[in-house]
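When reading the values below, keep in mind they use all heavy atoms of this one structure, side chains included, and skip hydrogens, waters and symmetry mates.
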Amino acid sequence: LFGLLSPRAVAPTWNTPARSWSAAIAGLLASLLLSGIWGLAANSTLGGALANAVTVPMLIGISCLAALPVTLLIWKLVAAEASVSALVLAYAAAALGGSLVLALTAPIVAIYQHTSSWIGPYVAQGAAVLALLAAVALLFRALRKLVPSAKLTSLIAPAAALAIVQIAMIAQLSSSVSPVMDHRTSFGRGIDGWTLNGSTAR
């Protein structure tokens, strides 16, 4: 998986589809654990931080399961010559890279969450956005290595669908669980929090 993330390394040769799936599952599980580290840092209260160790990985895991089916359908429509395991493996590598960004920025997030009620939430959200951008970029890199014959344009649709559906799912699911940060943000209110001036947000 790290070979897929490196700019110079050649994609590994997977002997069997089973090994590809095993590596993908391992990468996804590792990304969930790493995201929990960011969750611990994103709330300044002890109870909230401990709850986040479960809540944040749960949000990412469920949104992943929701986003993959439609993404796999688009993948087969635009890149029929590529295997499903290639997309899942690339996604696992990207998720691992994005969660590493979350884990590495967790100390900074924790410091600001514990010292500033004003800027702390913005720092936490900024780290999440940075992790998302890194994951999308790494998804393209991994796909180019695993499916070198695919045109760049054929990779845009599934990657965009995956990002859009997963973000929308995380936002909506966030509205039904305890706030990840000290107080619920507009993003954490789901679709109601995105309406004009938040008029329908509760």
Side-chain angles (χ1 to χ4, degrees), residues 1-14 17 19-32 34-35 38 56-57 59-105 124-174 186-188 190-191 193-195:
L1 291 177
F2 282 107
L4 293 175
L5 300 179
S6 170
R8 297 182 180 179
V10 178
T13 301
W14 303 94
R19 292 190 64 186
S20 296
W21 284 102
S22 297
I25 292 172
L28 290 172
L29 291 177
S31 68
L32 295 180
L34 289 170
S35 67
W38 178 88
V56 172
L59 291 175
I60 295 176
I62 294 177
S63 64
C64 167
L65 293 177
L68 276 178
V70 64
T71 305
L72 292 174
L73 174 61
I74 297 174
W75 177 249
K76 294 308 294 182
L77 292 176
V78 302
E81 76 283 355
S83 65
V84 168
S85 61
L87 175 62
V88 176
L89 186 61
Y91 174 70
L96 180 61
S99 62
L100 276 173
V101 174
L102 287 178
L104 292 174
T105 56
Q125 291 180 77
V129 171
L130 179 62
L132 172 64
L133 295 176
V136 172
L138 292 171
L139 177 62
F140 275 102
R141 174 177 289 172
L143 285 174
R144 292 302 297 271
K145 290 185 175 183
L146 289 171
V147 194
S149 60
K151 296 180 179 179
L152 181 61
T153 53
S154 67
L155 304 180
I156 294 177
L162 183 60
I164 292 172
V165 175
Q166 187 157 10
I167 291 172
M169 284 298 299
I170 290 176
Q172 197 62 26
L173 289 169
S174 296
S186 296
F187 184 84
I191 192 65
W194 300 353
T195 56

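- The two residues A90 and L143 come nearest to each other via the heavy atoms CB-CD2, 3.5 Å.
- Here V84 pairs with W21, L72, K76, V88 under the side chain to side chain contact (heavy atoms under 4.5 Å, CB included) rule; sequence neighbours left out.
- What you find for L146 and A86 is that their closest heavy atoms are CD1-O, 3.3 Å.
- One distance of note links CG of L155 with CG of L139; it measures 8.0 Å at 0.5 Å rounding.
- Under a 3.5 Å cut-off, the side chain of S6 and the backbone N or O of G3 do not form any donor-acceptor pair.
- L73 meets the side chain to side chain contact (heavy atoms under 4.5 Å, CB included) test with L77; sequence neighbours excluded.
- Every residue two or more places apart in sequence or in another chain that forms a side chain to side chain contact (heavy atoms under 4.5 Å, CB included) with A163 is listed here: V136.
- W75 places no side-chain N or O within donor-acceptor distance of the main-chain N or O of A159, the cut-off being under 3.5 Å.
- The two atoms that bring P158 and T71 nearest to each other are O-CG2, 3.3 Å, heavy atoms only.
- A heavy-atom distance below 4.5 Å is not found between the side chains of W38 and L104.
- To the nearest 0.5 Å, atoms CG (L28) and CG (L1) are separated by 8.5 Å.
- With sequence neighbours excluded, the residues that form a side chain to side chain contact (heavy atoms under 4.5 Å, CB included) with V101 are T105, L130, A131, A134.
- With rounding to the nearest 0.5 Å, the separation of CG in L59 from CG in L32 is 10.5 Å.
- Looking at heavy atoms from C-beta onward, F140 lies in side-chain contact with I156 at the 4.5 angstrom threshold.
- Minimum interatomic distance between A23 and L89 (heavy atoms only, all atoms of both residues): CB-CD1, 3.9 Å.
- Partners of S63 according to the side chain to side chain donor-acceptor pair (under 3.5 Å) rule, which considers only residues two or more places apart in sequence or in another chain, are Q166.
- One finds the CG atom of L173 at 11.5 Å from the CD1 atom of I60 (value rounded to the nearest 0.5 Å).
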Identify all side-chain donor-acceptor contacts of residues 92-100 below 3.5 Å with residues at least two apart in sequence or on another chain.
| residue | atom | partner | partner atom | Å |
| --- | --- | --- | --- | --- |
| S99 | OG | A95 | O | 3.0 |
| S99 | OG | L96 | O | 2.9 |

